[in-house]
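A quick write-up on the structure given underneath.
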Number of protein chains: 4
Amino acid sequence: MPKVVDEQMREATRRRIIHEAAGEFARLGFDQANINTIAELAGIGKGTIYLYFENKRELFLAMLRSISQSQMASIRAALAPDGTLQQRLERLFRAFVHLAEQESDSFNVYMSALYGVNRAFQDEATKLLRDYVAVIALMVEESQVRGEITTQKSETTALMILSLTESYVLSARVLGRSEQAITQEASIVARMILHGIRTS
Amino acid sequence: MPKVVDEQMREATRRRIIHEAAGEFARLGFDQANINTIAELAGIGKGTIYLYFENKRELFLAMLRSISQSQMASIRAALAPDGTLQQRLERLFRAFVHLAEQESDSFNVYMSALYGVNRAFQDEATKLLRDYVAVIALMVEESQVRGEITTQKSETTALMILSLTESYVLSARVLGRSEQAITQEASIVARMILHGIRTS
Amino acid sequence: MPKVVDEQMREATRRRIIHEAAGEFARLGFDQANINTIAELAGIGKGTIYLYFENKRELFLAMLRSISQSQMASIRAALAPDGTLQQRLERLFRAFVHLAEQESDSFNVYMSALYGVNRAFQDEATKLLRDYVAVIALMVEESQVRGEITTQKSETTALMILSLTESYVLSARVLGRSEQAITQEASIVARMILHGIRTS
Amino acid sequence: MPKVVDEQMREATRRRIIHEAAGEFARLGFDQANINTIAELAGIGKGTIYLYFENKRELFLAMLRSISQSQMASIRAALAPDGTLQQRLERLFRAFVHLAEQESDSFNVYMSALYGVNRAFQDEATKLLRDYVAVIALMVEESQVRGEITTQKSETTALMILSLTESYVLSARVLGRSEQAITQEASIVARMILHGIRTS
DNA sequence: GATGAATGAGGCTTCATTCAT
DNA sequence: GATGAATGAAGCCTCATTCAT
């Protein structure tokens with residue numbers, strides 16, 4: 001029964017489509033991206049894409065979900081309960097820098113979905129944002145338990161942490177700073193966050 | 001001499017087009033926005049738009065510049081050298097909350113331009129970002145002179161302030177918090193920023 | 001009573017419009033020619049043209065008639081009953097060479113109208129063609145009376161003369177020959193025509 | 001292997017498009033001709049045309065080339081080295097009459113391209129004109145070899161032959177003569193050309 | 001299942017013409 | 001009479017989607 005192999009093939013093709021779609025969407029945006037180009041890059045026929053995804057919109061959403069999973073994995077790893085809160089915050093910061101630079105396609109797609117105007121895309125991107133906040137809030141609560149900080153509203157704190165981290169990275173990139181220059185500020189930013197948290 | 005009136009009429013029409021364009025672009029994004037619809041909303045003929053703007057792209061850019069000016073005016077007012085640094089930061093935070101809520105069309109357009117993929121739009125949006133940073137950096141330097149804080153890199157500090165302020169507001173909005181709820185956190189966020197600055 | 005002066009002014013403006021129209025139509029053809037451009041070249045407002053001509057089509061026709069009159073004048077002069085038939089034919093040939101080179105705008109407009117697809121334009125251009133044939137036929141008949149040739153169908157002969165003269169000039173031009181080179185063939189062509197006539 | 005059939009289908013469709021395009025362009029001219037109408041006449045969808053031709057202009061050029069080939073074939077056949085020069089000239093004349101009447105669409109398109117203002121179209125039409133001259137020049141040289149005529153400049157002679165033939169037919173048509181009436185003059189025109197050649 | 005030829009809706013833009021001043 | 005701002009019809013072309021093979 002070649003079923004398993006077929007299933008693997010199908011999954012591989014699906015992944016290839018999503019990968020190329022991410023590049024195309026990141027490069028051109030949803031409207032300007034061309035289904036035909038994506039098919040060519042993925043090495044399949046134009047019509048074949050529709051055997052994997054209902055339409056362009058669904059392809060975009062599937063790609064967005066794929067990106068979300070991948071990014072969440074990175075963030076979870078960064079927030080592993082090793083070391084002090086300061087260290088975990090630094091790792092979080094560096095994880096974002098890394099994502100923004102090494103996975104820039106994904107990052108761009110995610111950001112444009114989040115701040116774009118298509119409600120469906122925004123909703124999907126928001127899910128990831130919620131997950132970010134949730135997993136950071138968890139870390140905050142752990143730190144409370146450990147006595148590293150004393151706080152009440154873990155979610156507000158998490159939101160602050162995420163905002164400062166993510167948007168600092170983004171703004172710095174948009175303003176043209178190098179990855180290296182930004183990475184070097186990990187310690188400063190983390191310390192600043194920490195003090196901010198402890199004071200409020 | 002009907003010239004003055006004509007000039008006023010022309011300026012009024014131009015403003016009306018830009019206003020409606022902002023709404024349409026905010027609602028649908030650049031590609032999905034329809035020049036014909038914008039013309040109808042502005043109460044003019046389809047062809048008339050082209051007497052005011054060379055093409056769709058130039059209309060978008062003109063609108064973006066208009067938004068930039070308006071937003072910068074708000075931010076400058078918020079950063080007026082009255083009161084303590086804490087108070088100025090609170091006003092900055094509230095100004096962003098206000099912009100995001102009351103001028104949500106403009107805000108959405110600006111954000112999607114900044115994080116979209118069209119280089120020309122990104123460049124224009126980046127200009128505004130630079131202006132933000134510059135004017136905040138100025139406040140930071142004033143505060144140094146006044147002895148409120150002791151810092152070396154005013155621009156880095158400004159970027160931190162902007163990042164935390166702007167993106168906190170944005171994230172909170174995207175996550176569905178009410179304007180009121182966000183506004184109430186002005187004091188907390190400002191204090192946190194201040195401590196962060198003083199520590200680093 | 002400034003009426004006369006006004007009438008002169010009006011006539012002068014009309015002529016200026018027609019002159020510039022001829023250039024524009026010759027350069028771009030009827031459809032691509034731009035009314036606004038013609039107005040600018042003529043130094044008047046866009047709307048003013050419509051005080052002189054009902055619409056673009058009528059302007060074109062008026063221009064065509066103007067060209068016709070001018071060209072017929074040249075041809076009549078060339079065919080003046082001075083000299084031998086051979087000399088008159090040579091003058092006719094040279095007149096066409098001159099028209100094609102010195103009045104190339106007019107010539108191009110006339111040819112494109114004649115061989116174009118707009119029936120109204122074709123009809124107008126055909127009138128000129130008929131006039132050509134008629135005036136040449138007259139010369140043929142004169143020559144018969146003078147005993148220079150003996151022929152029956154003066155109109156067929158005229159058509160031959162015109163065809164060979166006009167289209168020889170045109171083909172030679174299209175094929176890139178210089179005015180001088182073509183002019184030098186006046187004698188040959190005229191002699192050839194003459195022999196042809198005498199034989200048939 | 002449906003390839004051959006497909007290829008045949010494709011070629012058939014291409015021909016159908018060109019055929020209908022010729023009619024539409026002949027009827028309305030390049031600018032007024034409507035791609036949509038051509039598609040409907042050809043029995044295909046509007047977008048399908050763009051699978052066969054890059055754009056309207058390329059369609060026109062392709063059609064022009066197709067016309068050129070077809071016309072050159074007719075002319076070559078007429079000039080086949082059978083019979084006397086007089087007979088060949090008569091066949092040439094009749095071939096033009098036939099083309100002008102039976103292939104009037106093609107003829108109109110070719111003439112309007114030749115005398116229109118679009119340089120690209122003019123160039124393409126000029127190629128055909130050159131081919132005409134070349135093949136007629138060949139006949140002239142053959143006739144020299146055979147001793148039918150004694151001439152030096154075969155190309156100039158060829159141009160004369162073409163001019164008189166083609167433009168006689170055209171002028172006669174424009175002036176409203178019937179095909180039959182024009183055809184009957186084949187002998188006269190041919191004889192006249194012949195004498196003209198022999199004399200010069 | 002895979003393909004890609006065919007489709008046609010949709011939109012930006014031009015420009016002849018009108019008409020209020 | 002002269003003007004030119006305003007208009008909107010008209011058309012080329014793109015591209016997501018379908019479906020016969």
Side-chain angles (χ1 to χ4, degrees), chain A residues 6 9-10 13 30-40 43-60, chain B residues 1-3 5-6 9-10 13 30-40 42-59, chain C residues 2 6 9-10 13 30-40 43-60, chain D residues 1-3 5-6 9-10 13 31-40 42-59:
Chain A
D6 274 16
M9 281 285 282
R10 192 178 161 79
T13 300
F30 180 77
D31 289 289
Q32 294 291 327
N34 186 306
I35 285 283
N36 198 16
T37 304
I38 294 172
E40 272 173 32
I44 58 173
K46 196 195 328 184
T48 309
I49 284 196
Y50 291 88
L51 299 176
Y52 289 82
F53 303 95
E54 209 173 330
N55 52 38
K56 194 184 187 183
R57 184 190 130 115
E58 290 304 322
L59 167 57
F60 188 87
Chain B
M1 55 178 127
K3 250 216 180 139
V5 173
D6 275 17
M9 282 283 281
R10 192 179 161 78
T13 300
F30 180 78
D31 289 289
Q32 293 293 327
N34 186 305
I35 285 282
N36 201 10
T37 304
I38 294 172
E40 273 172 30
I44 58 174
K46 196 192 330 183
T48 308
I49 283 196
Y50 292 88
L51 299 179
Y52 289 83
F53 303 95
E54 213 170 329
N55 51 40
K56 193 184 186 183
R57 183 194 134 112
E58 289 303 321
L59 168 57
Chain C
D6 274 17
M9 281 285 283
R10 192 179 161 77
T13 300
F30 180 77
D31 289 290
Q32 294 293 326
N34 186 306
I35 286 284
N36 198 16
T37 304
I38 295 173
E40 272 172 33
I44 58 173
K46 196 195 326 184
T48 310
I49 283 194
Y50 290 87
L51 298 177
Y52 289 82
F53 304 94
E54 210 173 329
N55 51 39
K56 194 185 188 183
R57 184 190 131 115
E58 290 303 323
L59 167 58
F60 188 87
Chain D
M1 55 178 125
K3 247 213 182 143
V5 174
D6 274 16
M9 282 283 281
R10 190 179 162 79
T13 300
D31 289 289
Q32 292 293 327
N34 186 305
I35 285 283
N36 202 8
T37 303
I38 294 173
E40 273 171 32
I44 58 175
K46 194 193 332 181
T48 309
I49 283 196
Y50 292 90
L51 298 179
Y52 289 82
F53 303 95
E54 213 170 329
N55 51 40
K56 193 185 186 183
R57 183 192 134 112
E58 288 304 322
L59 168 57

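Keep in mind that what you see is a predicted model, and the values were worked out from it rather than measured.
The nearest pair of heavy atoms linking A:Lys56 to A:Phe30 is NZ-O, 2.8 Å. Taking each heavy atom of A:Ala39 and A:Gly45 in turn, the nearest pair found is CB-O, 3.8 Å. Summarising the geometry of D:Lys46 relative to D:Asn36, their closest heavy-atom pair is CG-OD1, 3.6 Å, with the distance given to 0.1 Å.
For the atom pair CD1 (C:Ile35) and CD1 (C:Ile38), the distance works out to 5.0 Å, reported to the nearest 0.5 Å.
At whole-Å resolution of the value, CZ in C:Phe53 and P in E:dA16 are 15 Å apart. The interatomic distance linking C:Ile49 (CD1) with E:dT18 (P) rounds to 13 Å, in whole Å. Taking atom CG on A:Leu51 and atom P on F:dA20, their separation rounds to 15 Å, with Å as the unit. For the pair B:Arg10 CZ and F:dG4 C1', the computed distance is 11 Å after rounding to whole Å. Taking atom CD of C:Glu58 as the reference point, atom C1' of E:dA16 lies 14 Å away to the nearest angstrom. In this structure, CE of D:Met9 is placed 11 Å from C1' of F:dA20, rounded to the nearest angstrom.
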Protein proximity profile, nucleotides 8-13 of chain F - base contact B, sugar-phosphate-only contact S, no contact -, cut-off 4.0 Å on heavy atoms
BBBSSB

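Under the ring pair (Phe, Tyr, Trp, His ring centres under 6.0 Å) criterion, B:Tyr50 pairs with no residue, sequence neighbours left out. Take A:Thr13 and apply the side chain to side chain contact (heavy atoms under 4.5 Å, CB included) test, not counting sequence neighbours, and it matches A:Arg16, A:Ile17, A:Ile44, A:Tyr52. The side chain to side chain donor-acceptor pair (under 3.5 Å) search around B:Gln32 returns A:Asp31, not counting sequence neighbours. Listed by chain and residue number, A:Glu54, A:Asn55, A:Leu61 satisfy the side chain to side chain contact (heavy atoms under 4.5 Å, CB included) test with A:Glu58 (two or more places apart in sequence, or in another chain).
Remark: C:Tyr52 is in phosphate contact with F:dA2, judged by side-chain N or O atoms under 4.0 Å from OP1 or OP2.
Remark: DNA chain F forms stems of 3 or more consecutive Watson-Crick or G-U wobble pairs, all pair distances under 3.5 Å, at E:2-21 with F:2-21.
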